[in-house]
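Here's the structure we're looking at; comments come further down.
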Amino acid sequence: MSSWEESDAFKEAAVPLSQQAMGAPRGGSPYMDGLNPAQREAVETLQGPVLMLAGAGTGKTRALTARIVHLLRTGTARPNEILAVTFTNKAAREMKMRVGGMLGEMVEGMPWLGTFHSLCVKILRRHAELVGLKSNFTILDTDDQIRLLKQLIAAEGIDDKRWPARMLAGLIDAWKNRAWTPERVPAGDDAFNGKGQILYAAYQARLKTLNAADFGDLLLHVVTIFQEHPDVLDQYRRWFKYILVDEYQDTNVAQYLWLRLLAAEHKNICCVGDDDQSIYGWRGAEVGNILRFEKDFEGATVIKLEQNYRSTPHILGAASGVIAGNKTRLGKTLWTDRTDGDKVRLIGHWDGEEEARWIGEEIENYQHGTRGLDPISADSMAILVRASHQMRSFEDRFLTIGLPYRVIGGPRFYERLEIRDAMAYFRVAVSNDDGLAFERIVNTPKRGIGDKAQQTINTVARENGISLLEASRHLVEQGGLSAKARKELGILIDGFDRWSAAIRAGVDSHIEIAEVILEESGYVEYWQNDKTPEAPGRLENLKELVKALEQFENLQGFLEHVSLIMENETEDATEKVSIMTLHGAKGLEFPVVFLPGWEDGLFPSQRSMDESGQAGVEEERRLAYVGITRAEEQCTISFAANRRVYGSWQSSMPSRFIDELPPEHVEVLTPPGLYGGGSGYGASDMEEKVVNADAYNSPGWRRMAARTSARGLSQPSEAKGIVIDAQAVSTFTLGDRVHHKALGFGAVVGIEGDKLSIVFENGGAKKVVASFVTPADDVPF
DNA sequence: CGGCATTTATTTTTT
DNA sequence: ATAAATGCCG
């Protein structure tokens, strides 16, 4: 596992081996050792609703796992009576591992520890018939969903240019997040050209006939079942004596309802979260859920975890200062008993490339040991950006300087084109009537079965109420397609017949069968013949896919799990700097963190502000808080005055969040580029001057930004340099006699922003930053 | 039906 | 700038 994950909590949980070996220690509970009073209370308050408000780095996962162990060790609950919900598989896995570790070797499985979705699948498979599905329903991925919606939009006669399927998918998703079935969508909701509701209903009907559910359905169906079948709900209510929820601030309405329904009997629900880290409002998360907890669950105990074990006081102070700007929050005050540590560093750059260059150098400095720090591994460093397109400049730069990096949160393995194609083959081979999968691969690789042929197949299938594969078989036997299509389709059908037979026969291993399918279908060959640069990688991924099969009993089992699991872990040994989005960084921590791109419009994102106004700014601010609190030792915030955006140059003002950083926790740096290529003399003077002038807080930057944008910055290379002290510019005019500490007297022959071209009396000519020279008259002799 | 040209969008992302 | 996604023509 990666070294950066909550390593402190592990350290603290360390229990002497002797005690571990003794199993349950007399009088003691090792899982309680080292817990602070608040954590202890959170672990021991087992009865009734509990809200654990856990700030960043306060050891919440530790408290949560200790709570589970406490429930088990005290005999309060058996493992299968505990419902523990997380958002990601990763979090679920980690919790399972930790509970197992704390319990010692008797790792009794926790059958109901998982993500909302995986738990819902489990429940839904048992009661599928109550919502018109069979228990072997398939789970659609986004691609399937879009393809289906496209058909429905076309059937409805809507122009899919103006009303794209993606948009409808988003809309339906949002409705499902709110637990709205088609009937519950408010009448008069004229979304999607007024057809939203109709299309939603049609989509749901179609899913039913396909015996399929999308991700939103998993929750929605279970909530529906709970609401309409009290007997079923009752069964689960009684079953789950204790409920635990992680990241409660990220729950949406459907998840909230699901929890409320289940918790109503025993009322032993413990929700853990941090309202200040709610950053998923845009995909349906309701901060309101956590803000309302005490009202929703009467008699709730609220426990605040405020002691931070992760970051230095300065980092904590900076984060607290920023988040204090939010109005809608429950309010926590993080503190630490640490006293050491550097201030958060702030630096402005001319443009995005310079920012990347500077950060690259800083990373190398850290690696070699700088400013009295020990050398730091690249693994311990991360660059957290607001939007993924910001990653590019860093990748470019790191490639040229040969700095190893890893990008976290790219396209996930199982979402890749070739993997989905391959899995579609497996799906059809496993169940011949999987129409969506068949559609996906019927002409991949190209078989000359185009739109027209596919339409014919569809029609025949629908008219006769048979699967697409059967319809194809029919067409091949009876004719009705072009000769070429018939021939190719026939080959494909023969293939599926063989593969399906092989699966049923159970003689060959599923791995062999998978290889045969990929080979005989021509899919491997298809990529071998492809000469795009991605092709080799795709073949590599296919090999990896086959390898992943080893962990499963059979193809069915594999397909079953894969739709819910999005693995991404291909760790290799090289030490690498991590580049990821702020969203992707939630829950992680790094000794050294860089936060680039703090410019208004980029961060906070213009779009967020336009769409959600003040609430949008607040969510962005929480994002800033999440970013800063990822840092353990070193945190560097930066911004660029100019940035390439969609091809053209754009200048921007420093982020409003920068002005919200408490100055006492910040050290303002001056980029080396400022010295105009001249000598390093005076650098420290300069720095001091800037710090004292509180430059980032002064209007200097604003003026600079205003001036440069007024001038229309189209050729930034023309005048590289940054105005820190705007006063300096107006001080000089052409011809002025000036004095420079190191270079002596000279005359100003040119002015470019804050940089002066000076011909010195000692013969040299140089460009110098204005603040390095003084008017000659002022020089005392 | 497939390949090349033109068009268009472009925050954040899990399940 | 750039990539992905359509549209048109052979």
Side-chain angles (χ1 to χ4, degrees), chain A residues 85-92 114-121 139-142 145-146 150 159-162 164-167 170 173 176-177 213-220 247 250-252 254-255 278-285 352 384-393 396 408-412 414-415 417 443 445-454 481-482 484-485 488 532 534 561-568 580-587 597 601-612 616 619-620 622-624 626-627 643-650:
Chain A
V85 200
T86 63
F87 269 85
T88 64
N89 288 300
K90 192 177 159 210
T115 63
F116 275 104
H117 295 268
S118 66
L119 294 168
C120 281
V121 173
I139 300 165
L140 295 195
D141 63 30
T142 325
Q145 213 179 335
I146 299 285
K150 264 193 183 137
D159 177 18
D160 72 341
K161 291 273 93 65
R162 265 171 52 103
R166 286 214 147 283
M167 188 183 180
D173 212 48
K176 287 183 177 175
N177 285 159
D214 65 20
F215 283 117
D217 282 339
L218 299 178
L219 267 146
L220 181 59
E247 307 282 16
D250 289 337
T251 49
N252 60 36
Q255 287 157 340
S278 163
I279 55 175
Y280 285 109
W282 50 273
R283 68 176 197 211
L384 312 182
V385 298
R386 177 59 184 64
S388 49
H389 66 252
Q390 289 172 262
M391 293 177 176
R392 201 191 192 122
S393 57
D396 285 351
I408 296 186
R412 276 155 294 281
Y414 289 112
E415 275 174 7
L417 180 81
N443 200 30
K446 302 277 186 284
R447 294 192 173 84
I449 302 164
D451 285 347
K452 193 153 164 263
Q454 289 188 40
L481 291 172
S482 73
K484 189 181 174 213
E488 291 289 336
T532 56
E534 302 96 75
H561 283 271
V562 137
S563 46
L564 287 175
I565 297 171
M566 292 283 168
E567 286 303 323
N568 200 17
M580 63 183 97
T581 63
L582 287 163
H583 287 91
K586 194 165 81 148
L602 180 58
F603 185 47
S605 130
Q606 192 58 53
R607 194 146 158 187
S608 177
M609 292 189 288
D610 290 348
E611 280 170 15
S612 319
E619 182 152 315
E620 297 282 310
R622 291 193 288 267
L623 215 38
V626 167
R643 202 175 280 281
R644 283 188 98 104
V645 176
Y646 307 140
S648 57
W649 285 93
Q650 198 180 295

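Lettering follows sequence order; numbering is per chain, from 1. FYI, side chains are in, hydrogens and waters are out, and symmetry mates aren't considered; it's all heavy atoms of this structure.
Of the candidate nucleotides B:dT12, B:dT13, B:dT15, B:dT12 has the atom lying nearest to any side-chain atom of A:Ala387. Side chain of A:Phe215, nearest nucleotide from B:dT15, B:dG2, B:dT13: B:dT15. Of all nucleotides listed (B:dT15, B:dT13, B:dT10), B:dT10 comes nearest to the side chain of A:Tyr646.
Put simply, CD1 on A:Ile279 is 13 Å from P on B:dT12, counting in whole angstrom units. One interatomic measurement links the two molecules: CD of A:Gln650 to C1' of B:dT10, which rounds to 13 Å at whole-angstrom precision. Here the P atom of nucleotide B:dT14 and the CD atom of A:Gln255 are 14 Å apart, to the nearest Å. Rounded to whole angstrom, the span from the CE atom of A:Met391 across to the C1' atom of B:dT10 amounts to 15 Å. One interatomic measurement links the two molecules: CZ of A:Arg386 to C1' of B:dT10, which rounds to 14 Å at whole-angstrom precision. The CG atom of A:Leu602 sits 13 Å away from the C1' atom of B:dT10 (whole-angstrom rounding).
Regarding contacts with the backbone of B:dT14, every side-chain N or O of A:Asn89 stays at 4.0 angstrom or more from both OP1 and OP2. In terms of phosphate contacts, A:Ser605 brings no side-chain nitrogen or oxygen within less than 4.0 Å of OP1 or OP2 of B:dT12.
In this structure, A:Trp282 counts as stacked on the base of B:dT12 under the 5.5 Å centre distance and 30° plane angle limits.
Of the nucleotides present, C:dA1 is the one that pairs with B:dT10 by Watson-Crick or G-U wobble criteria, both distances under 3.5 Å.
Taking the C1' atoms as reference points, B:dT13 lies 22 Å from C:dT2, given to the whole Å. If you take atom P in C:dA5 and the same atom in B:dT12, they sit 16 Å apart, rounded to whole Å.
Remark on DNA chain B: of its neighbouring residues A:Gln454 and A:Glu620, the 5'-side contact belongs to A:Gln454, judged by nearest-heavy-atom nucleotide. The residue among A:Gly216 and A:Asn443 whose nearest nucleotide of DNA chain B lies closer to the 5′ end is A:Asn443.
The nearest pair of heavy atoms linking A:Met391 to A:Thr581 is CE-N, 3.5 Å. Residues A:Lys586 and A:Asp250 approach most closely at NZ-OD2, 2.5 Å, considering heavy atoms.
First and last contacts of DNA chain C with chain A, using any nucleotide atom under 4.0 Å from a protein heavy atom and ordered 5' to 3', fall at C:dA1 to C:dG7.
Using bins of under 30°, 30° to 60° and over 60° for the plane-to-plane angle, the ring pair A:Tyr280/A:His583 lands in the tilted bin.
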